[in-house]
2 protein chains.
Amino acid sequence: MTEILDISDASAKSQFVLYWGDMGGQWGVNRSVAQIHALLFLSVSPLNAEQISRELGIARSNVSNSLKELVGWKLIRRIPVPGDRREHFSAETDVWEMAMRIAQGRKEREIDPAISAISDCLEKAATEPEIHPEVLKRMQEMQAFLTTVDTWYGQMLNVPKSKLNLLMKMGNKVISLLTLTGKKSE
Amino acid sequence: MTEILDISDASAKSQFVLYWGDMGGQWGVNRSVAQIHALLFLSVSPLNAEQISRELGIARSNVSNSLKELVGWKLIRRIPVPGDRREHFSAETDVWEMAMRIAQGRKEREIDPAISAISDCLEKAATEPEIHPEVLKRMQEMQAFLTTVDTWYGQMLNVPKSKLNLLMKMGNKVISLLTLTGKKSE
DNA sequence: TAGTAATTTCTGTAATTACAGAACTCATTA
DNA sequence: TAATGAGTTCTGTAATTACAGAAATTACTA
C-alpha cells in the first residue's frame, strides 16, 4: 500500500505539472504524456499507474499508453517495488541526461528519416539528366547539412554530461579557440 | 506573366516536396506549410501565391496563411517582381542560415516560455515553506539547465555560419581542447 | 484451476487542427 | 466611381489526434 502522494504541497508542484503539460503542445508531445512526465520528474518516490491516474485525473488506459511512450523515449523507467505487484515508474532526474535522451529520440525520429528521404530523392535525381543543376545542388547541400548535424549529434551524445555542460557554459568562447585557424567568414 | 514552373523535372523535385511535406508532421509543421517551404527552397525563381496553389493543388487561402507562417519564421521572404503586382516569395537557400532561423524560432517558442513558466513556479514555491526540498531542487535544476541552453543558443545564433560549420565538423574533437582542464566526469 | 488484480488493447466520442471555398477588403486602373 | 485583380479573413467540413470507458489479456494468488 504505497503512500499516496502528499498533495499539501500541491500548488507550486501542480502548477509545474500543468505548465509542463501544455508546453508539451509546443514541443510536440501531448498533454497527458507531458503531465505524467512532469509529475514523475518531481516525485521523490516511484509512482504506479493508478496513482498517476488519480493524481492527474486522466484515464487509466491513457496513463498506460503515455507511460509506454515515455519509456520509449527513455525518460522514465520501470521500478520494481518490493512487496508490490504493481509496476512503478520513476523519471530520469538528471536534466542533462534527460536532454540527451530527448536529443537521441529527435535524431532518430526527425533527422535520420529526413536524411534517408533526401537520399531517395538524390538517387532519383541522378536518373534525370534534365534536372536543373541548381535544384540538384540545393538538395545536395541539404543532404550534406543534415549529415553533418547527424554526425555531430551522434558524437555529442557520447560526450560525458559534465563536459557538455562546460562546453555550453563556455558558449561562444569556444569559438575563439578555433580562431587560431582564423579564416574570415560570411 | 511569370512563366509557370517547368514540371518536366517534376519527379525528384516533387518527391522532395512530398517527403518534406509529411516530414513536417514529425517536425511539428503542417503539411501545407512544409510543402510550400520545400517548393520554394527548390525554386530557382520566386513564385507567387497563385503558382504555389496550382503547383501543389492546395487552396489559395491555405497558401496565404502558410506563407504568412513561413514569413514569420523568416524562412521565406517577399520578393517584389518588377512589373508584376502580385507578391512573390522565395526561400532562404543557405541551409545554415535556414537552420539558424529555425533554431531562433524554437528558442522563442519553446525554450523562452518554458523558462518563464518555471520562474513562476519557483516564485510560488518560495512562498511554500512546506515544499519538499528535493522538489524545489529539481525545479531549480531544470531552470538552470534551460537557462544555460538558452544562453548558449543565443550565443550560437550570432556565430558566423562558417565557424559553426567548422565547429560541428570538428565534433567531439572540440572536447579534447577542453580536456586540458581534464576533470574526470560522470 | 478458479479467482482476482494489474495492465494493455480496442472502440467510440470529443476536441483539435487542417483545409477548401466563399465572402470580404484593399488597391489599382479604367 | 465601377470594375478587376490580389490578398486576407471567415465559415463550415474533413481529417486527425487525444482520450475515456469497456473488453480482453496477462500475471499472480488461493
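All values reported here derive from a predicted model rather than from experimental measurement. The figures that follow rest on heavy atoms only: side chains count, while hydrogens, waters and symmetry mates do not.
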Please state how far atom CG in A:Asn48 lies from atom P in D:dA27, giving the value in whole angstrom units. 19 Å
Applied to residues 69-80 of chain A, the side-chain hydrogen bond (donor to acceptor under 3.5 Å, both in side chains) test, sequence neighbours excluded, yields A:Arg78-A:Glu87
Using a 4.0 Å cut-off on heavy atoms, which residues in residues 58-72 of chain A reach DNA chain D? List them by number, or say none. A:Ile58, A:Ala59, A:Ser61, A:Asn62
By nearest-heavy-atom nucleotide on DNA chain C, the more 5' of A:Arg31 and A:Glu87 is A:Glu87
Rounded to whole angstrom units, what separation is found between the CD atom of B:Glu50 and the P atom of D:dT8? 14 Å
If I take atom CG in residue B:Leu56 and atom P in nucleotide C:dA20, what distance separates them, rounded to the nearest angstrom? 10 Å
Cluster link B:Ile36 to B:Ile79, ILVMFWY, side chain under 4.5 Å: no
Rounded to whole Å, CZ of A:Arg86 lies from P of D:dT29 at a distance of 13 Å
Under the side-chain hydrogen bond (donor to acceptor under 3.5 Å, both in side chains) rule, what pairs show up with a residue in residues 107-116 of chain A, not counting sequence neighbours? A:Gln104-A:Glu108, A:Lys107-A:Asp112, A:Lys107-A:Asp150
A:Phe89 atom CZ is separated from C:dA6 atom P, nearest whole Å, by 13 Å
Is there a donor on the side chain of A:Arg85 or the base of C:dA6 sitting less than 3.5 Å from an acceptor on the other? no
Side-chain H-bond candidate by donor/acceptor type, B:Lys161 with B:Asn165, under 3.5 Å: no
Contact class for A:Gly24 (heavy atom, under 4.0 Å): base, sugar-phosphate, or nothing? nothing
Nearest whole Å is fine: how far is D:dT16 P from A:Asn30 CG? 18 Å
Counting only side-chain nitrogens and oxygens, does B:Ser32 get under 4.0 Å of the OP1 or OP2 atom of C:dA18? no
Just by distance, do the side chain of B:Glu92 and the backbone of B:Asp94 share a donor-acceptor pair under 3.5 Å? yes
Look at the aromatic rings of A:Phe41 and A:His37 and report parallel, tilted or perpendicular, splitting at 30° and 60°. tilted
